[in-house]
There are 2 protein chains.
Amino acid sequence: MQLIQEQKCFGGRQIRYQHEANSLNCSMQFSVFLPPQAELGPVPAVYWLSGLTCTDENFSSKAGAQRVAAELGLALIIPDTSPRGEDVADDAEGAYDLGLGAGFYVNATQAPWSMHYRMYDYVLNELPALVESELPLTGQRAISGHSMGGHGALVLALRNPERFVSVSAFAPISSPTDCPWGHKALEAYLGDDKAAWAEYDASLLLKEKGCSLPMLVDQGAADNFLAEQLKPDALKEAAEQAGASLELRLQPGYDHSYYFIASFIEEHLRFHAKHLSR
Amino acid sequence: MQLIQEQKCFGGRQIRYQHEANSLNCSMQFSVFLPPQAELGPVPAVYWLSGLTCTDENFSSKAGAQRVAAELGLALIIPDTSPRGEDVADDAEGAYDLGLGAGFYVNATQAPWSMHYRMYDYVLNELPALVESELPLTGQRAISGHSMGGHGALVLALRNPERFVSVSAFAPISSPTDCPWGHKALEAYLGDDKAAWAEYDASLLLKEKGCSLPMLVDQGAADNFLAEQLKPDALKEAAEQAGASLELRLQPGYDHSYYFIASFIEEHLRFHAKHLSR
């Protein structure tokens, strides 16, 4: 991996890397924050999955997460939200919710998407293997994300609880098999196979498999997407049925923006740090 | 003034307003953060002046200032960096350092700029009068800014110490009469009158008038613009000659970006809060 940019931030290093991603069959950029403690030895990592239209830069520049990560000694690993490049398929109408910037953290099986859109494999396997071999990381991982990325974080953790110590989400798409964003993306990327869809639905996965990991979810009560797209009640109901440890908090007045994320990222990082230090 | 957008942030309100600015002869947008304490009664304000190419949104979304402002009970008043609109003159080549996004907080006297470019008056008089009549503000003010905005903050405070309780800056253009950015802007906006230039040079003003206000300046030591454009030594020397209370800190490894601002904004807000509460 090649260092593109490095900037000092809260005593640590905010870095952007580029590399050839085998699982995505294209060149990718991602961002990393290494806290000051990483100069002395390996540190645990929180993976952050961003939402629709984002790159790795939105969370890096807007969430204010580095301050707390520097205090707690956490690395932040921040991938892009889809494969990138001129030969990567995009939605024909350039919709914001399909194609570039909208990988939905799935392994696509349908043409033309299957050539590059394997964000599930990329985030679960390739990226951790890369950064853990190249950077001072212990290999202990927590995962979080926003909206589409909250969906991604929950799905990755629910399907691979041995890879993470804790999972959290901000305004996740809690049941993509049951909302317009999810329907559109899952149909495009996975075709008509509803069993395949279910493998990417956090609420169905939680109901079916349960979850041994601690889960924290914040949802803004004034989020415009709450009722139609996000549906946190599905997640709550699944957690109750499965007896899983989900803390779901409805935050009065907050919307879907980075102002909401910035307001609560400290609590999420402290939640993860508690579990990462065990 | 008309509310354009309001978002909850750290328990307070991040708001964007639009209004007809008489001093600028155009419609302007600006941002405000009102801390939770403003729901109970008037609060003091920190004015933030942004740097080249910025609007009111850069600081709002990238500095992470709201967390500390909410804790300390400070409003943040964040103007744009130039007049705006289709009939507002811009640099013929669209340069980033003259015209739109580059008002330099001066009152221009030269055509075509003098029609709209009166950011000095706007920030010193019109904007405070507006927000103090419409919002729950005590009228106590501190001022800060970055780069071109650090220059603006210092100049406004040095020329009008009775209006502010304290001033701070991040990587200010400390002596615009003696650097390429300043030369270009002052010549365009003010013509050849070097006495007029001097009225907008913080180092010359400080040497001449001294300063009774507490001043805090942070400068990244790895800032690419340090030697050619920013020249904090001129400010330091002026403060020593004038016996003024300037704390100038060179921060090793930090560059000119918002990662630098985010890393130290908390200390600046605490510095201002200490003086605002007197």
Side-chain angles (χ1 to χ4, degrees), chain A residues 4-16 31-36 39 54 57-71 76 78 170-171 218-224 226 249-270, chain B residues 4-16 31-36 39 54 57-71 76 78 170-171 218-224 226 249-270:
Chain A
I4 305 284
Q5 187 167 31
E6 176 173 332
Q7 298 175 272
K8 193 165 176 181
C9 184
F10 287 100
R13 300 157 64 198
Q14 179 70 34
I15 316 175
R16 204 167 191 211
S31 288
V32 169
F33 175 71
L34 290 179
E39 307 302 319
C54 288
E57 291 194 296
N58 301 66
F59 182 77
S60 300
S61 64
K62 294 183 170 184
Q66 294 92 346
R67 179 184 61 86
V68 189
E71 179 199 323
L76 305 172
I78 311 156
F170 293 75
D218 272 316
Q219 171 64 57
D223 186 326
N224 287 333
L226 175 53
R249 311 188 300 190
L250 204 64
Q251 301 288 3
Y254 286 89
D255 69 6
H256 200 65
S257 74
Y258 264 90
Y259 291 121
F260 162 57
I261 299 172
S263 299
F264 296 100
I265 191 68
E266 175 165 0
E267 294 179 34
H268 283 239
L269 292 182
R270 292 194 187 283
Chain B
I4 305 282
Q5 186 168 31
E6 175 173 334
Q7 299 176 271
K8 192 165 177 183
C9 183
F10 287 100
R13 299 158 65 198
Q14 179 71 33
I15 316 176
R16 204 167 192 210
S31 288
V32 169
F33 176 71
L34 290 178
E39 307 302 320
C54 288
E57 291 194 296
N58 302 65
F59 182 77
S60 300
S61 63
K62 294 183 169 184
Q66 294 93 345
R67 179 183 61 87
V68 189
E71 178 199 323
L76 304 172
I78 310 156
F170 293 75
D218 273 316
Q219 170 64 57
D223 186 325
N224 286 333
L226 175 53
R249 310 187 301 189
L250 203 64
Q251 302 287 3
Y254 286 88
D255 70 6
H256 200 65
S257 73
Y258 265 90
Y259 290 122
F260 162 58
I261 299 172
S263 299
F264 297 100
I265 191 67
E266 175 165 0
E267 294 179 34
H268 283 239
L269 292 181
R270 292 194 187 283

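Just so we're clear, the structure is a prediction, and the values are computed from it rather than from any experiment. Each chain gets a letter, A, B and so on, in the order its sequence line appears, and its residues count up from 1.
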Discussion item. Taking every non-hydrogen pair under 4.5 Å, which of Ser61(B), Ala222(B), Pro252(B), Ala63(B) racks up the most with chain A?
Written reply: Ser61(B)
Response to the item:
Interface check, chain B: of Gln14(A), Glu266(A), Arg67(A), Gln251(A), most non-hydrogen pairs under 4.5 Å belong to Arg67(A)
Practice prompt. Tell me, please, which residues at least two apart from Ser263(B) pass side-chain contact (heavy atoms from CB on, under 4.5 Å).
Written response: Cys9(A), Phe10(A), Tyr254(B)
Discussion item. Taking every non-hydrogen pair under 4.5 Å, which of Gln7(A), Lys62(A), Gln66(A) racks up the most with chain B?
Written reply: Gln7(A)
Fill in: Nearest-0.5 Å distance that lies between atom NZ in Lys8(A) and atom CZ in Phe260(B)
11.0 Å
